[in-house]
Amino acid sequence: MTIIKHRLFWPSVILVALLVVNMFTANQFITVRDGHLFGVLPDILRGSAPLLLVALGMTLVIATGGIDLSVGAVMAISGAVACLLIKDLGNQNAVGSVLLIMAVAIGASLLLGLWNGTLVAVVGIQPIIATLILMVAGRGVAQLVTDGQIINVQSSPYAAIATGHFLSVPIAFLIAIAAVVLTVLLTRRTALGLLLESVGGSPTASRLAGIRARRITIMVYVVSGGLAGLAGLIYSANIKSADSISAGNLIELDAILAVVIGGTALIGGRFSIAGTVIGAILIQALQVTVVAVGVPSKATLLFKAVIVVALCLSQSTTFRQKVFGRFKSRPAVTAEVPA
Amino acid sequence: MGEPSPVLEMTGIRKVFPGVVALDGVDFRLLPGEIHALMGENGAGKSTLIKVLTGVYDIDGGQITLGGEQVDFTGPLQSQKAGVSTVYQEVNLCTNLTVAENIFIGREPRKFGRIQWGLMRKRAAELLARLDLNIDVSATLDTYSLAIQQMVAIARAVDVSARVLILDEPTSSLDASEVAQLFTIMRRLKDDGVAILFVSHFLDQVYEISDRLTVLRNGQLIGEYKTADLPQVQLVEKMIGKELAVLEDLEDKSQRIRAKTADAAPILAATGLGRTGAISPFDLTIHQGEVVGLAGLLGSGRTELARLLFGADRADSGSLQIDGKDVTLRSPQAAMKRGIAFSSENRRTEGILGELSVRENIILALQASRGWTRPIPRRKQDEIVDKYIKALQIRPADPEREVRNLSGGNQQKVLLARWLITEPRLLIIDEPTRGIDVGAKAEIQKLVAELSDGGMAVLFVSAELEEVLRLSHKIEVLRDRRLVEELENTEGVDADRIMQTIASGATQ
Amino acid sequence: GCGGGDDSSSGSGSDDKIVLGFSQVGAESGWRTANTKSIQDSAKAAGIELKFADAQGKQENQITAIRSFITQKVDVIAFSPVVTSGWDAVLKEAKDAGIPVILTDRSVDSQDTSLYVSFLGSDFVEEGKKAGQWLVDQYKGKTGTVNIVELQGTTGAAPAIDRQKGFADTIASDPNLKVVKSQTGDFTRAQGKTVMETFLQSTPKIDVLYAHNDDMGLGAIEAIEAAGKKPGTDIKIITVDAVKDGMTALSEGKINYIVECSPLLGPQLMDIVKQVKSGGTPEKRILTKETTFTQEQAKTELPNRQY
Amino acid sequence: MTTIDATPATNKTPSPTNPRRRVYLPNTKYIPILATLTLLLIMYFTGVANYENFGQPSVVVNLFRDNAVLIVVAVGMTFVIITGGIDLSVGAVISMTTTLTATLLQAGWPPLVVLPAVLLLGSLLGMGMGAVIHYFKVEPFIATLAGLFLARGIALFINQSSIPIRDKLWKAMSEYRIVLADGVVTKITSVTAVVVVLIAAAVLAWTRFGRNVYAIGGNADSALLMGLPVGRTKIAVYTLSGFCAALGGVLFSINSTSGWALQGQGLELDAIAACVIGGVLLTGGSGYVFGSLLGVMVYGLIQTIITFQGDLNAAWTRIIVGLLLFGFIVLQRVVTRRAR
Ligand SMILES: Nc1ncnc2c1ncn2[C@@H]1O[C@H](COP(=O)(O)OP(=O)(O)OP(=O)(O)O)[C@@H](O)[C@H]1O
Ligand SMILES: Nc1ncnc2c1ncn2[C@@H]1O[C@H](COP(=O)(O)OP(=O)(O)OP(=O)(O)O)[C@@H](O)[C@H]1O
Ligand SMILES: [Mg+2]
Ligand SMILES: [Mg+2]
């Protein structure tokens, strides 16, 4: 009974249902081949890594009551920068240089995050507009970096972050999970999570409680930028090229959706990283399922709409009460009014 | 008995929240033309009863009849239509709208469907004038202090010609003259046959205005009494279930002599500190172990003064010395670093974080001052929180409950706890006893006295003059956003003397 | 320097210089960028002043741009329509203003063909047909069903619809050829790869992949290799476009056949512009010179590819 | 908009009406709008100074015409955002409306049936989303995102390709020219947009519904306790937004005499951005229709400048749009802050 009431129960059920569907449609759900995991499930997990990373940063931003639309553009820039530099390497397979280049790309993404954070926290621009600026201009910058063309690289260490395996698990997924664990530690083992939720709950009250709201706000945008940059690297490593035009296109919407599915409210305050993880994997699983069951492309969106509607209703306590709970004579007016 | 039949009758009301039975088999009735006080400690269930009545909450059991007919309101809209006009406990208005709109929204004067702004403003101004309030009704509500907002809420409720008027702690931040105005209006309505339900933690007010009272304790009905038949002491006993004895030792002023402060260097000294439009430049010194009270009428600038000392607003003139060193407070953190704490009068928007738990709310300020990298270990948190939940009798004593589900008084205690655990050297408390029940209020006063004996300086702001007089070593009197006089709180200083100071200032 | 990099900010009044307003669809792919570049470069070379507007894939932006060209009183307007329908009104405005319009790359379905002077571009249906024809030829006389998966372009985009149609119509002649899965890959490498991964997981046997552009095909190749199969051998691959990366893969044997869709319309367009301006009437329908490539042809052609 | 006059400048002086002050300081709540307007004018004249033909009246007139759809949609969005919500479905509703209109007209339905039918459908979809948001307490973002998928899904399901409209009435509406002055011509679409703005502004400023919208955005819980019809109002604003989007779709179909399932992609973001640039707060409770109109104009003017510049490729177009937006917003911020 208490499990059913849990916020994440229904998203989890839908996720499991989607996985079960894939179990039947797929040749292999999960097997070991050449010493690593192979099959739909690893594919889904690997494929969800960029979205997971972006959604993770988005969760923190949303917890402070903000939003970050620029993640897609940051992904594009980070991938473009990395590929441009790797392409010019004498030996593209030199692990050290590739790692250095990845650090440079992530550094650039952190700076972009800082730019967003500054606009929001210091200049005081509404987050949606502040990050819209970078969303629009950032992709332009990425296109400029790549001259509008796709830049190919032949670097196996670089490709490994997306397609390699470590201890037979896809590295991309490991990176995403490492980021998740790190974020959880960072927010829950320190006081950061509490301060974030406080700033998201009420900036005024937080300020009067002595919280440096501005610093925290800047920080979450920086983190979001960095994670988006990492996601951009994985995205581009996956196709061994920088595609500045489509990298991260519209990913902000999916990321926000993942966060909301995970039970973090857009107005800020309480956030759930576990929820975001489920949300992101769910979205990836949904995308795979659509292809796997052969939904014709003209009906794809309708199919997704049905799932999202189901999800959004399952998120609603009121809906669950009305449908599954005891039937009441009249609708409950549930105003959350403090005494 | 020749009692008229009740306009409102509630029987066997039961309301359960997850983990709490807020009301259990409560009966309540309201006669036409009476003022009926609903009494009980913080968290007794008064506000819940009112919300159940007006349809904000569903009931889990029992019946409500209004004017002889059984009703089942689905929301405030319905109850309002049925003639029940309500002022809920915390000011529930829309601060982004103008004063006039707040008063008239939902029933604006219209012509051909078009709102008549001029007429609306005129009527709003007239209405407020009857409450002795001359403010610009076309300014948005958020430019006014909480007390003004409360008056506006009252004006709104009173203006609706209703059968039943419900006032949940309307006087919590009003000063004496506003209360008097309100009572005049209540009496007039009562004479018109309106039934009034009144909640207050001020026993004097209850005895002054009410005809009968109903006492709740822990969600249960204790009884219904004629006010005249029930002496104060007995009422308190019924409310808290035991005798109240804490206040006595405070009464004796002679004990409140500043032992250590006389020669101590001042903690804080303001010279010509001020902020344009908020408060004129003032001088103020606060010593260790000293309780400084701020007295003044609504909008006299007490809150503004306090905010300057905490860095919540930035001063634009004068200078501030802390421990003899010149400082500029640019932010609350700067003040906190120097041992200053400030609990805002506006607990709902500037104090509590509703979604967070009691524990998180309590440790917030301490945590903020330590920085995010040094979390307070969970065990230590639990220890501190437990201690203060006990000390301040926060109920329910569950540290993991969301604060927004606590009753108003208990939220106030949580805020107080938040600042006490930072062990400040100067504690600024703006209306700390607002909405707090008699027992807890006495506890808080005792606490303030103890803290000051222990060397903490306290800047105490309260609309209740008695309280200020009882606790303060010296009293700063404000008027029209100006500090007009400083009074040593010696024998002979009493409420009248202070009112005189304010009034004489007014004639200048 | 911005984009085209030329300094003449706005028509400085030299009367003899032709001003061409060009509204591009967007920059949705490398192909499109090459197309843009070709037009900008050849305008410069031909001494034509180019007013370039990027519509970011939106019809409303193109309409706006064309109207703005009319306001700016350019000499000729050219554009690659985002969609086929819905141009009558704005084209009529251009006609009223006496400005000739040239369509490039994609056509419009106006019934009144006097609204534009010429259409220069490829025929997407034809491209689909060419791809299908090659497949039909490959499997001529063989028995046993051939399982085809298709990576479509962006759902609703004209090339996606036409390339699918042309292909489907042609392979219908051989009942053995069966499209078992068809899903959009949004014209991108990443989507092409992801969708192909799932195709490989959910389809027991895939013989042929038909991708609506090279990029999706290249993404799919990654997926095929990751699944331990050999692209071009285990699974035959047909794509459209013939961009450099695609041609490289073709010459390496990873792709089997590419139908060209050339982005280098610039020089031809400038010729038509000059012709129109000097009072000539160009042909109503000018097809770009396009061909198809097999693996052998790719090897010889590859060094010449610039985009 | 509203006729409320002088509020004390935020220095909170308790003095009631001081008639003289009005002369010096504009009402504080109009400062954002005035700032936006001023900056917009500066931007316009910079354009005039720099580009040939920019000064022609048709540039301004075309601004309304090219952005008619966005204006109408932004008006609906303004209502939604003022209540503290958001509507992501508008772009998709446009595509659904154009596709449906074109399909039905092609199938020979009488235009006078098609018009109300599609408007009704859009409103119903909006109402449905509003109901889900209110009754089931679903976040507006996710509910309207589902609406987006649904509406575009329906559109794509009906027809993926673009469909020409050959109906006489539509063609006539599309071609009808309204001559404002010599050589300055506008179309039905822009007139419709202006009318919608005026009506919406009046509704927001002068009706009870309008006031409820602000109240809910200020504090929905309080609004409920004040006895305002919160549920009804919320559902109404989403219905209104759905209607506006459908109307936008109709204008679109008139403008282009065609229907296409990918029409209006990303338009929701443009509409939201326009509102926010025009001073509407995403947290709800404040903003004006007129502000949103200015926001659209800013957007449109940036677009116009880019076309007049005429030598920008895709990358530079994006960068310049971003920079202009940035400059505009930061200036707007600085000006508003100063004035307060
Ligand atoms: N929405 C809610 N969810 C859970 N518990 C609640 C909720 N509202 C009130 N309670 C609980 O119900 C009890 C009664 O609260 P109520 O607000 O009625 O007290 P009160 O008598 O008005 O107190 P006060 O004098 O402090 O205002 C309290 O224990 C409170 O914690
Ligand atoms: N009589 C009044 N007329 C106009 N505005 C007033 C009046 N009283 C208060 N205000 C408004 O209230 C605001 C707050 O004043 P402040 O908080 O300093 O008062 P206070 O002395 O703390 O009184 P209280 O908190 O009891 O209202 C002021 O900014 C002012 O705008
Ligand atoms: Mg209460
Ligand atoms: Mg005060």
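We name chains A, B, ... by the order of the sequence lines, and we start the count at 1 in each one.
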Review point. Mind checking whether Tyr116(C) and Trp87(C) have ring centres under 6.0 Å apart?
Key: no
Point to revise | Residue, of Arg166(D), Lys171(D), Arg318(D), that accumulates the most heavy atom pairs under 4.5 Å with chain C | key: Arg166(D)
**Study point:** Under 4.5 Å from any heavy atom of chain C - which part of Glu175(D)
**Key:** side chain
Exercise for review: Please state whether the side chain, the backbone, both or neither of Ile254(D) comes within less than 4.5 Å of a heavy atom of chain C.
Suggested key: neither
**Study point:** Structural part of Phe252(D) lying under 4.5 Å from a heavy atom of chain C
**Key:** side chain
Check your understanding: chain C heavy atoms under 4.5 Å from Arg65(D): which part of the residue, side chain, backbone, both or neither?
Key -> both
Check your understanding: Considering the options Glu127(C), Glu126(C), His212(C), which one meets the side-chain hydrogen bond (donor to acceptor under 3.5 Å, both in side chains) requirement together with Arg163(C)?
Key -> Glu127(C)
Check your understanding: What closest approach, in Å, do Leu247(D) and Val196(D) show between heavy atoms, and which atom pair accounts for it?
Key -> CD2-CG2, 3.7 Å
Study note, to complete from the structure: Whatever's closer than 4.5 Å to a heavy atom in chain D on Gln24(C) counts as neither
**Study point:** For chain D, the option from Thr33(C), Val82(C), Asp88(C), Thr64(C) that forms the most heavy-atom pairs under 4.5 Å
**Key:** Thr64(C)
Revision key, fill the gap. Comparing Lys92(C), Gln59(C), Arg67(C) against chain D, the one with the most heavy-atom pairs below 4.5 Å turns out to be Arg67(C)
**Study point:** Residue Asn255(D) versus chain C: region with a heavy atom under 4.5 Å
**Key:** both
**Study point:** Over 12 foreign heavy atoms within 6.0 Å of CZ, Arg177(D)
**Key:** no
Review point. Is the Phe308(D) ring parallel, tilted or perpendicular to the Tyr51(D) ring (thresholds 30°, 60°)?
Key: tilted
Point to revise | Under 4.5 Å from any heavy atom of chain D - which part of Ala158(C) | key: neither
Check your understanding: So what's closer than 4.5 Å to chain D heavy atoms on Asn61(C): side chain, backbone, both or neither?
Key -> side chain
Practice item. Could you tell me whether Phe167(C) and Tyr210(C) have their ring centroids closer than 6.0 angstrom? Key: yes
Point to revise | Atom NZ of Lys168(D) with >12 non-hydrogen neighbours under 6.0 angstrom | key: no
Exercise for review: Identify which of Asp54(C), Ile63(C), Thr154(C), Val90(C) forms the greatest number of heavy-atom pairs closer than 4.5 Å to chain D.
Suggested key: Asp54(C)
Exercise for review: State whether Lys58(C) and Asp270(D) are salt-bridged, where the test is any N-O pair (Lys NZ or Arg NE/NH1/NH2 against Asp/Glu carboxylate O) under 4.0 Å.
Suggested key: yes
